[in-house]
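Naming convention: chains lettered A, B, ... in sequence-line order (proteins, then strands); numbering from 1 in each chain.
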Amino acid sequence: MEDKKYIKLITSTEIAEYSNIKGFMILKPYGYKIWENIKKIINKMLIKNKYKNVNFPLLIPKNLFDLENKYIKTFSKECAIVTHTKLIVNKNNELIIDKNSKLNEVLIIRPTSETIIWNTFNKWIKSYRDLPILINQWCNIIRIEMRNKMLIRNSEFFWQEGHSAHINEKDALLEINKIKLLYKKLIKYYLSIPYISGYKTNKEKFSGAKFTYTFETITKNKGKFIQLATIHFLSKIFSKAFNVKYINKNNIEKYPYGTSCGISTRLIGALIMVHNDDHGLLLPPKIAPIQVIIIPIISNIKKKKKIINFIKFIKNNLKKKKIKVKYDNTSKTPGYKFYKYENMGVPIRITIGKNEINKNIIEITRRDTFKKKYLYLKKNLNKKILNILNRIQKNLYKIAKNNINKKTYKIDNYNEFKNRISTNCGLILSHWDNNTKTELKIQKETRATIRCIPIQKKFKEIGKCIYSGKKSNQRVVFGKSY
RNA sequence: CGGGGUGUAGCGUAGCCUGGAUUAUCGCGCCUGGUUUGGGACCAGGAGAUCAUAAGUUCAAAUCUUGUCACCCCGACCA
């Protein structure tokens with residue numbers, strides 16, 4: 001039920017729609033604009049952090065995966081595989097694959113790019129002077145998942161993947177801390193999404209990493225988990241797999257240490273799942289494609305020109321302050337427009353009709369509270385609008401935070417745990433004996449997984465594992481994932 | 001990959017059980033003209049469908065049978 005609402009929200013706001021290929025979506029202008037806004041923010045932060053943007057090939061030769069496979073314990077790879085290069089027309093005028101065009105070396109459409117990047121690092125890294133290397137690419141990747149959910153688990157999605165190589169472990173870990181701060185800023189201050197972060201368990205981590213650090217949030221209605229961002233400490237795993245070595249100051253060969261990190265279009269799915277109400281979507285002003293919508297009310301034809309001029313004046317004024325403003329002059333009725341832009345999550349609505357003109361004011365409605373305000377034109381209108389946008393930004397975080405708090409449970413009893421999971425899940429803090437077997441058993445019995453092992457002090461306490469009763473040093477986060 | 005469901009106009013659907021009065025229903029959207037506009041406007045006219053696909057049963061198939069394809073949902077999977 002809730003999922004239908006989610007899909008309807010995506011399609012009715014024109015963020016995305018189903019394509020005719022299973023698991024592949026069409027990201028429409030409104031959705032793509034949100035993505036572009038997220039991109040801008042992270043890109044700027046990465047560049048500031050000395051990352052350089054690059055682009056590696058979409059296709060990766062299978063033999064590179066073979067190399068990697070010797071060193072990294074991997075499970076099945078659900079990827080798209082390219083085996084031929086040509087189509088021909090047969091006698092019946094049908095297009096068929098030309099069997100003569102079979103590739104000697106099978107190519108894999110990237111499911112992630114560590115493989116090809118570390119293979120290239122082999123050429124790039126020779127001396128300690130070549131390090132650190134910090135690169136990032138914005139691209140699409142394909143993982144043919146058996147089961148999809150639009151924007152949450154697509155077979156194709158868009159992401160940013162940062163990759164770094166360092167002289168030693170200390171530098172690599174420092175880099176991870178930097179990225180942590182950067183993602184935290186994006187998620188909390190730009191997306192207004194409250195999160196819980198921590199390490200993945202061995203079972204859940206990226207298998208090519210020594211550890212994975214994750215940011216997670218829960219959805220507004222079902223309390224299911226969505227992964228927002230991950231950072232992997234690759235240690236020397238990939239440098240060993242691809243034989244990447246540098247010579248240090250003492251003329252000794254060393255393996256560099258690697259990290260990788262990423263955020264994807266799933267963040268848009270998270271935004272939708274976290275910020276919504278009965279009227280539709282609520283977008284945080286900092287990433288909203290439209291921050292202010294101006295709706296004219298023309299009830300008197302004689303004043304039409306005056307109203308339009310008034311609106312243009314205000315629009316231009318707001319534009320000067322780089323406020324993303326749109327004036328909807330379509331012939332639809334005001335009521336229609338109110339519903340439309342509320343559904344699209346536009347933070348502020350300005351309504352202008354003859355009443356406003358007569359009094360030289362504008363009517364402002366906040367999307368989050370629906371509170372109306374009347375502002376006089378001359379008194380720092382732009383400043384006041386920016387102020388309201390700011391307050392909406394913070395309020396969305398507050399609302400979502402309250403929701404997480406409400407859905408957070410400390411549970412020390414397995415029956416209670418099972419009940420919780422089977423009803424309305426949420427964020428469950430329980431003790432765990434740090435044993436993968438226990439983790440698997442809990443998952444089998446309840447379908448809950450360990451979402452992360454948080455690092456903050458407040459989670460450290462001596463207790464007993466909820467399943468085995470063995471000793472535990474801290475609480476971990478259990479929940480159901482999307 | 002297992003189980004279930006669906007496929008009728010751009011979208012959402014009725015009709016299918018029980019084959020024929022079907023010229024395939026209705027709503028939204030679209031086009032033209034006009035009147036409107038303070039919470040999803042109204043009137044008049046109009047365009048748009050080989051009923052997913054292939055074969056079969058029949059005098060007759062959107063409707064029954066079989067195959068195929070696609071998508072959705074629930075599992076398993078998920079670097």
Side-chain angles (χ1 to χ4, degrees), chain A residues 1-4 6-8 11-12 14 17-25 60 65 68-69 71-79 108 110-115 117-118 141-150 152-155 157 159 161 200 202-212 214 225-227 230-232 234 237-238 241 260-262 264 266 279-280 295-301 303-304 307-308 328-343 349-359 362-363 365 370 372 374 440 443-444 447 449 480-482:
Chain A
M1 289 301 272
E2 223 54 63
D3 293 335
K4 269 190 183 166
Y6 169 70
I7 298 297
K8 205 177 171 188
T11 51
S12 68
E14 305 210 335
E17 67 183 42
Y18 287 117
S19 75
N20 46 10
I21 308 160
K22 178 182 161 63
F24 288 71
M25 64 168 174
I60 301 170
F65 283 104
E68 176 188 316
N69 195 42
Y71 290 83
I72 298 160
K73 227 188 171 184
T74 52
F75 303 96
S76 58
K77 291 175 167 63
E78 277 89 20
C79 356
I108 314 291
R110 59 184 166 215
T112 180
S113 302
E114 274 85 1
T115 310
I117 286 177
W118 279 89
I141 66 164
I142 290 184
R143 296 176 186 175
I144 307 290
E145 301 280 358
M146 287 303 167
R147 204 166 145 204
N148 311 99
K149 175 148 303 270
M150 208 193 275
I152 300 290
R153 198 181 301 101
N154 282 103
S155 284
F157 57 89
W159 78 349
E161 47 178 330
K200 283 286 183 193
N202 277 332
K203 179 181 152 293
E204 299 275 329
K205 75 173 167 65
F206 172 36
S207 62
K210 204 151 191 185
F211 69 74
T212 293
T214 180
F225 276 80
I226 300 180
Q227 191 178 84
T230 49
I231 311 169
H232 309 295
L234 307 178
I237 294 171
F238 276 89
S260 66
C261 62
S264 74
R266 180 184 273 179
H279 291 251
I295 295 172
I297 295 165
I298 301 160
S299 52
N300 182 337
I301 292 171
K303 294 213 167 163
K304 191 173 173 179
I307 293 172
I308 290 170
D328 187 341
N329 62 353
T330 58
S331 60
K332 295 281 182 192
T333 58
Y336 174 90
K337 293 175 189 172
F338 294 165
Y339 280 102
K340 180 181 167 182
Y341 293 101
E342 277 165 16
N343 190 45
R349 177 176 77 223
I350 295 179
T351 316
I352 294 172
K354 62 175 196 289
N355 297 346
E356 284 74 17
I357 293 231
N358 291 338
K359 294 179 193 162
I362 57 171
E363 184 198 272
T365 312
F370 290 104
K372 283 184 183 171
Y374 296 91
L440 277 167
Q443 185 178 0
K444 237 186 180 174
R447 272 191 261 146
T449 50
K480 268 193 210 167
S481 84
Y482 246 112

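Summarising the geometry, the separation between NZ on Lys149(A) and P on C77(B) is reported as 18 Å, rounded to the nearest angstrom. Separating the CE atom of Met146(A) from the C1' atom of A76(B) is a distance of 10 Å, rounded to the nearest angstrom. In this structure, the CD atom of Glu78(A) is 11 Å from the C1' atom of C1(B), given to the nearest Å. Between the P atom of C28(B) and the NZ atom of Lys8(A) lies a distance of 15 Å, rounded to the nearest Å. What separates CG of Asp328(A) from P of G38(B) is a distance of 14 Å, to the nearest Å. Lys340(A) places its NZ atom 16 Å from the C1' atom of A41(B), with the value rounded to the nearest Å. Rounded to whole Å, the distance from CZ on Arg153(A) to P on G75(B) is 11 Å. In this structure, the CG atom of Asn148(A) is 14 Å from the P atom of G75(B), given to the nearest Å.
Ile297(A) and Pro334(A) get closest at one heavy-atom pair: CG1-CG, 3.7 Å. Here the shortest heavy-atom pairing between Met150(A) and Tyr18(A) reads CE-N, 3.4 Å.
Among the atoms of the strands shown, none is found under 4.0 Å from any heavy atom of Ser481(A). Using a 4.0 Å heavy-atom cutoff across all strands shown, Glu342(A) reaches at least one base atom of the nucleic acid. Counting any heavy atom pair closer than 4.0 Å across all strands shown, Lys337(A) reaches no nucleic acid atom. In this structure, Glu363(A) reaches the bases: a heavy-atom distance under 4.0 Å links it to at least one base atom across the strands shown. Note on Phe24(A): nothing from the nucleic acid sits closer than 4.0 angstrom, heavy atoms only.
The partner of U37(B), taking Watson-Crick or G-U wobble pairs whose two distances both stay under 3.5 Å, does not exist in any strand shown. Pair assignment for U6(B) gives A70(B), based on Watson-Crick or G-U wobble hydrogen-bonding distances that are each under 3.5 Å. Pairing of U65(B), defined by two Watson-Crick or G-U wobble distances under 3.5 Å, is identified with A55(B). Using Watson-Crick or G-U wobble geometry with both donor-acceptor distances under 3.5 Å, A60(B) finds no partner in any strand shown. In a base pair of the Watson-Crick type (N1 to N3 plus N6-O4 or O6-N4) or a G-U wobble (N1-O2 and O6-N3), with each distance short of 3.5 Å, C26(B) is matched with G12(B).
Because its NZ or CZ atom is not both nearer than 6.0 Å to the ring centre of Phe157(A) and within 45° of the ring axis, Arg266(A) does not count as a cation-pi partner of that residue.
Annotation: A61(B) and G19(B) have their P atoms spaced 13 Å apart (nearest Å). The gap from the C1' atom of C30(B) to that of A9(B) amounts to 11 Å, rounded to the nearest Å. Nucleotides C69(B) and U53(B) are separated by 16 Å at their P atoms, to the nearest Å. Taking atom C1' on both C59(B) and G33(B), the two are 49 Å apart, rounded to the nearest angstrom. With both ends at atom P, the span from G2(B) to U68(B) equals 12 Å, rounded to whole Å. Taking atom C1' on both U57(B) and C73(B), the two are 33 Å apart, rounded to the nearest angstrom. If you take atom P in C17(B) and the same atom in U63(B), they sit 9 Å apart, rounded to whole Å. Nucleotides C28(B) and U65(B) place their C1' atoms 36 Å apart, quoted to the nearest Å.
Side-chain contact of Ser113(A) with Glu161(A): a donor-acceptor pair under 3.5 Å is present, judged by distance alone. A side-chain donor-acceptor contact under 3.5 Å links Thr115(A) and Glu68(A).
Between His232(A) and Phe206(A), the two ring planes are tilted [angle within 30° to 60°].
Judged by atom type and distance alone, Arg349(A) reaches the base of G39(B) through a side-chain donor-acceptor pair under 3.5 Å. Remark: the Glu356(A) side chain and the G38(B) base include a donor-acceptor N/O pair separated by less than 3.5 Å.
Comparing Lys22(A) and Lys205(A), the nucleotide of RNA chain B nearest to each residue sits closer to the 5' end for Lys22(A). Along RNA chain B, the nucleotide closest to Tyr18(A) and the one closest to Phe206(A) are compared, and the more 5′ of them pairs with Tyr18(A).
Among G39(B), G38(B), A41(B), the nucleotide with an atom closest to any side-chain atom of Thr333(A) is A41(B).
Side-chain contact check for Phe225(A) versus Thr449(A): every heavy-atom pair is 4.5 Å or farther apart. When side chains are defined from C-beta on, Ile142(A) counts as touching Phe24(A), because their heavy atoms get closer than 4.5 Å.
Stacking between Tyr336(A) and the base of G40(B) is absent under the criterion of ring centres within 5.5 Å and planes under 30 degrees.
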Starting from the C-alpha separation in whole Å, work towards a yes-or-no answer on side-chain hydrogen bond (donor to acceptor under 3.5 Å, both in side chains) for Ser155(A) and Glu145(A). CA-CA 6 Å; Ser155(A) 284; Glu145(A) 301 280 358; over 6 Å; no
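Between Arg447(A) and G75(B) there is a side-chain N or O to OP1 or OP2 distance below 4.0 Å. Residue Arg147(A) places at least one side-chain N or O closer than 4.0 Å to OP1 or OP2 of G75(B).
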Protein-nucleotides 5-10 of chain B N/O pairs under 3.5 Å:
none

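Applying the ring pair (Phe, Tyr, Trp, His ring centres under 6.0 Å) test to Phe370(A) and every residue at least two apart in sequence or in another chain returns His279(A).
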